[in-house]
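Here's the structure we're looking at; comments come further down.
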Amino acid sequence: MKKVKKNLIAGILFAVILLCGGCSFKGSTPDPTVSKAPEWVNSAVIYEVNLRQYTPSGTINEFSEHLKELKDMGVNTLWFMPIHPISVTNRSGKLGSYYSVDDYRDVNPEFGTREDFKELVKKAHKMGFHVILDWVANHTGWDNAWITEHPDWYTQKDGKIISPEGMGWPDVADLNYDNPDMRKEMIDSMKYWLTEFDVDGFRCDYAPGVPADFWYEARYELSKVKDIYMLEEDLGGQAKDNLEYAFDSNYATKIYETLMAVGKDAKSADRIKLYIPSFENNTFPMYYLDNHDVNSYDRTIAEAFSPEVLPSMYSVIFTLPGVPMIYSGDEIAYDKAIAFMEKDTIDWNRTGTDYRNLIKDLSAIKTSHPALYSNNTEGFEIIDTGNKNIFAYKRIAKGDEVICIFNLSKRQQEGVDLSSIFPDKGEVLFCGVSDSYGIDGELPGDTHTFEPWEFYIIGNK
């Protein structure tokens with residue numbers, strides 16, 4: 001059976017919700033067609049945790065010992081890649097993919113127990129972190145009990161359950177979203193992690209593979225339990241309609257690709273503005289310079305961004321409207337692709353480049369300036385300096401003003417006119433050139449010559 005068409009069913013479902021249940025989204029919002037992220041997301045700095053590879057044991061308890069380090073670095077939101085047991089049948093690699101889920105309500109014994117994870121979430125919350133869990137709704141592993149107990153919950157061809165077509169994922173079985181019982185159980189399983197473990201949201205894997213109306217229904221039901229953050233993995237912008245209600249953020253893939261091209265001198269900085277999203281429906285993107293897919297299969301952060309480029313690129317993703325995300329190992333610009341299906345512990349001593357202090361400083365600036373909050377999308381203005389290599393913008397909110405200006409090129413930019421840009425009483429919050437950067441510094445003059453990769457983040461007093 002083929003999956004249901006997204007948009008038609010989405011509209012029908014929403015009409016049913018409104019007619020049958022009325023509007024109870026979050027208990028206070030009168031219009032369930034518009035979602036809104038919790039307030040804490042405004043200052044979120046996300047860290048993607050590759051639990052298996054983070055420590056020698058790859059366990060929840062050993063990772064827990066590193067929470068203080070992450071807190072000191074300015075991280076306040078932990079995104080855990082799937083922690084569920086992994087199916088053995090048709091497994092890819094020795095240990096298998098995190099995304100081949102054997103049981104949606106259990107913890108991979110390689111990592112520990114449900115009680116271990118529950119205690120980790122409690123500890124993280126006490127330390128001021130929020131926790132989001134990676135959720136795989138498009139497919140399950142072949143050992144999942146649903147395979148034998150409910151074969152009708154899966155997509156079938158010639159009477160046999162199949163893997164997602166055209167994806168090259170033989171280790172997983174495609175779920176059939178025509179089945180209402182499967183939908184209910186999927187949502188109930190997500191609720192389980194909210195009610196029993198108090199997680200704060202979900203990053204949803206391959207969201208475009210699942211009908212939009214399911215995500216609408218899931219957000220509606222989950223929001224009855226608590227305010228949550230919903231992050232959509234939508235690399236190619238295939239499912240923008242999901243941002244109308246179900247999700248708060250999706251991947252800023254085009255920004256990542258453009259920043260990488262700019263860093264390699266393949267594009268000029270003025271191209272970035274072409275991919276700044278519209279910020280409709282209270283949504284905003286997640287910015288990144290690396291993630292588990294890119295790292296394992298395409299390039300490491302060190303291959304994507306050279307050391308002289310990386311500080312300015314970090315500064316960009318922390319100051320554009322949206323949420324910055326750091327992947328495990330990015331803080332040391334880890335220069336080795338991390339294996340996906342095998343044990344491959346990150347060697348935290350592999351490189352001498354350490355960006356923890358950079359991330360700490362940028363995190364402090366983002367979290368202390370309302371102008372830089374994730375949901376401040378209206379107070380955002382691109383500034384045209386007349387130079388295609390200079391990327392500049394202003395952000396304003398609640399009497400707070402921050403101006404960011406970057407020479408995103410490997411060439412010196414002479415005589416840039418800044419006379420109409422910088423405020424009279426501005427102060428440098430952060431600035432740098434290549435590997436020399438930090439808080440404070442002197443304001444540039446009305447006309448300034450920028451060195452390669454020189455940048456300023458300036459606050460208006």
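Only heavy atoms go into these numbers, but all of them, side chains included; no hydrogens, no water, no symmetry mates. The model shown is predicted, which means the values in this text are computed figures rather than measured ones.
Looking at heavy atoms from C-beta onward, Ile383 lies in side-chain contact with Ile403 at the 4.5 angstrom threshold. Looking only at side-chain heavy atoms (C-beta outward), Arg203 and Glu48 stay at 4.5 Å or farther from each other. Using a 4.5 Å heavy-atom cutoff, the side chains of Asp293 and Glu233 are in contact. Between Phe450 and Leu418, some side-chain heavy-atom pair lies under the 4.5 Å cut-off. Inter-residue side-chain proximity for Leu222 and Phe202 is flagged as met; some heavy-atom pair is nearer than 4.5 Å. Contact annotation: the side chain of Phe391 never approaches that of Asn389 to less than 4.5 Å [non-hydrogen atoms, C-beta and beyond]. Contact of the Arg114 side chain with the Lys118 side chain is not registered, since no non-hydrogen atoms from C-beta on lie closer than 4.5 Å. The closest side-chain heavy-atom distance from Thr385 to Ile421 is below 4.5 Å.
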Apply salt bridge (Lys or Arg N to Asp or Glu O under 4.0 Å) to the pair Asp248 and Arg219, showing each step before the final yes or no. CA-CA 10 Å; Asp248 304 300; Arg219 179 62 182 264; 3.2 Å; yes
Passes side-chain contact (heavy atoms from CB on, under 4.5 Å), Thr195 versus Val225? Steps please. CA-CA 7 Å; Thr195 58; Val225 180; 3.8 Å; yes
Given the rule in the side-chain contact (heavy atoms from CB on, under 4.5 Å) test, do Glu115 and Ile60 qualify, once you have shown the distances and angles that lead to the verdict? CA-CA 10 Å; Glu115 191 60 32; Ile60 292 165; over 6 Å; no
Please step through ring-ring contact (aromatic ring centres under 6.0 Å, His included) for the pair Tyr456 and His448, ending with a clear verdict. CA-CA 12 Å; Tyr456 291 86; His448 186 71; 5.8 Å; yes
After noting the C-alpha distance and the side-chain angles of Arg395 and Glu401, does the key distance pass the side-chain contact (heavy atoms from CB on, under 4.5 Å) rule? CA-CA 6 Å; Arg395 299 190 64 190; Glu401 180 176 337; over 6 Å; no
Would you sort out whether Met190 and Ile228 count as a side-chain contact (heavy atoms from CB on, under 4.5 Å), showing the intermediate values? CA-CA 12 Å; Met190 296 177 81; Ile228 58 171; over 6 Å; no
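Between the side chains of Ser419 and Asp417, at least one donor N or O sits under 3.5 Å from an acceptor N or O. No hydrogens or angles considered: nothing links the side chains of Ser64 and Asn61 as a donor-acceptor pair under 3.5 Å. For the residue pair Ser306 and Glu308, a side-chain donor N or O sits within less than 3.5 Å of a side-chain acceptor on the partner. When only modelled atom types and interatomic distance are considered, Tyr98 and Asn50 share a side-chain donor-acceptor pair under 3.5 Å. Looking only at atom types and distance, the side chain of Asp134 has a donor-acceptor partner in the side chain of Tyr99 under 3.5 Å away.
Going from atom CG of Leu358 over to atom CG of Asp435 covers 11.5 Å, rounded to the nearest 0.5 Å. Distance check, rounded to the nearest 0.5 Å: CE of Met313 to CG of Leu259 gives 5.0 Å. The distance from the CG atom of Leu70 to the CD atom of Glu331 is 7.0 Å, given to the nearest 0.5 Å. Leu289 CG to Ile255 CD1: the interatomic distance, rounded to the nearest 0.5 Å, is 11.5 Å. Leu320 contributes atom CG, which lies 8.0 Å from atom SG of Cys404 (distance to the nearest 0.5 angstrom). Here CD of Glu119 is found 4.5 Å from NZ of Lys122. Values are rounded to the nearest 0.5 Å.
Applying the ring-ring contact (aromatic ring centres under 6.0 Å, His included) test to Tyr373 and every residue at least two apart in sequence or in another chain returns nothing. Shown here are the side-chain contact (heavy atoms from CB on, under 4.5 Å) partners of Met167, two or more places apart in sequence or in another chain: Pro164, Trp169, Tyr206. Asp198 pairs by the side-chain contact (heavy atoms from CB on, under 4.5 Å) definition with His125, Lys226, not counting sequence neighbours. Legend: residues meeting ring-ring contact (aromatic ring centres under 6.0 Å, His included) with His130, ordered by chain and number and at least two apart, are Trp40. Applying the side-chain contact (heavy atoms from CB on, under 4.5 Å) test to Asp400 and every residue at least two apart in sequence or in another chain returns His369, Pro370, Ala371, Val402.
The ring pair (Phe, Tyr, Trp, His ring centres under 6.0 Å) with Phe63 is formed by just one residue from the set Phe117, Phe80, Phe111; it is Phe80.
Note: Tyr327 and Tyr288 fail the aromatic proximity criterion, with ring centroids not under 6.0 Å apart. For Trp135 and Tyr104, the distance between ring centers is under 6.0 angstrom.
At distances below 3.5 Å, at least one donor-acceptor pair connects side-chain atoms of Lys71 with backbone N or O atoms of Met127. Between the Glu196 side chain and the Lys191 main chain, no donor and acceptor come within less than 3.5 Å of each other. Ser374 contributes a side-chain N or O that, together with a main-chain N or O of Asn42, makes up a donor-acceptor pair within less than 3.5 Å. The closest donor-acceptor contact from the side chain of Asp227 to the backbone of Ala37 lies at 3.5 Å or more, if one exists at all. For the pair Trp348 (side chain) and Tyr54 (backbone), a donor-acceptor distance under 3.5 Å is present. Between the side chain of Thr300 and the backbone N or O of Lys336 there is no donor-acceptor pair closer than 3.5 Å. When atom types are taken as modelled, the side chain of Glu232 and the backbone of Met230 share no donor-acceptor pair closer than 3.5 angstrom. Remark: the backbone N or O of Asp106 is paired with a side-chain donor or acceptor of His84 at under 3.5 angstrom. Side-chain atoms of Ser100 come within 3.5 Å of backbone atoms of Asp171 as a donor-acceptor pair (strictly under, hydrogens ignored). Judged purely by atom type and a 3.5 angstrom limit, Arg105 has no side-chain atom pairing as donor or acceptor with the backbone of Tyr192.
Contact detail for Gly386 and Asp384: the closest heavy-atom pair is N-OD1, 2.8 Å. In terms of heavy atoms, Ala337 sits closest to Ser296 at CB-O, 4.4 Å. Gly322 approaches Tyr287 most closely through the heavy-atom pair CA-CE1, 3.7 Å. The minimum heavy-atom distance between Ala304 and Arg299, with the atom names listed, is CB-CD, 3.7 Å. Closest non-hydrogen pair, Pro321 versus Thr377, comes out as CB-CG2, 4.2 Å. Smallest separation of non-hydrogen atoms from Val75 and Phe129: O-CE2, 3.3 Å.
By the 4.0 Å N-to-carboxylate-O rule, Arg356 lies too far from Asp72 to be salt-bridged with it.
The aromatic rings of Tyr437 and Tyr355 sit parallel to each other, their planes meeting at less than 30°, with 60° as the upper class boundary.
Few gaps surround CG on Asp116; more than 12 heavy atoms of other groups in view lie less than 6.0 Å from it. Few gaps surround CD on Glu342; more than 12 heavy atoms of other groups in view lie less than 6.0 Å from it.
Within the structure, every pair that satisfies the side chain to side chain donor-acceptor pair (under 3.5 Å) test and touches residues 309-325, not counting sequence neighbours, is listed here: Thr319-Tyr393.
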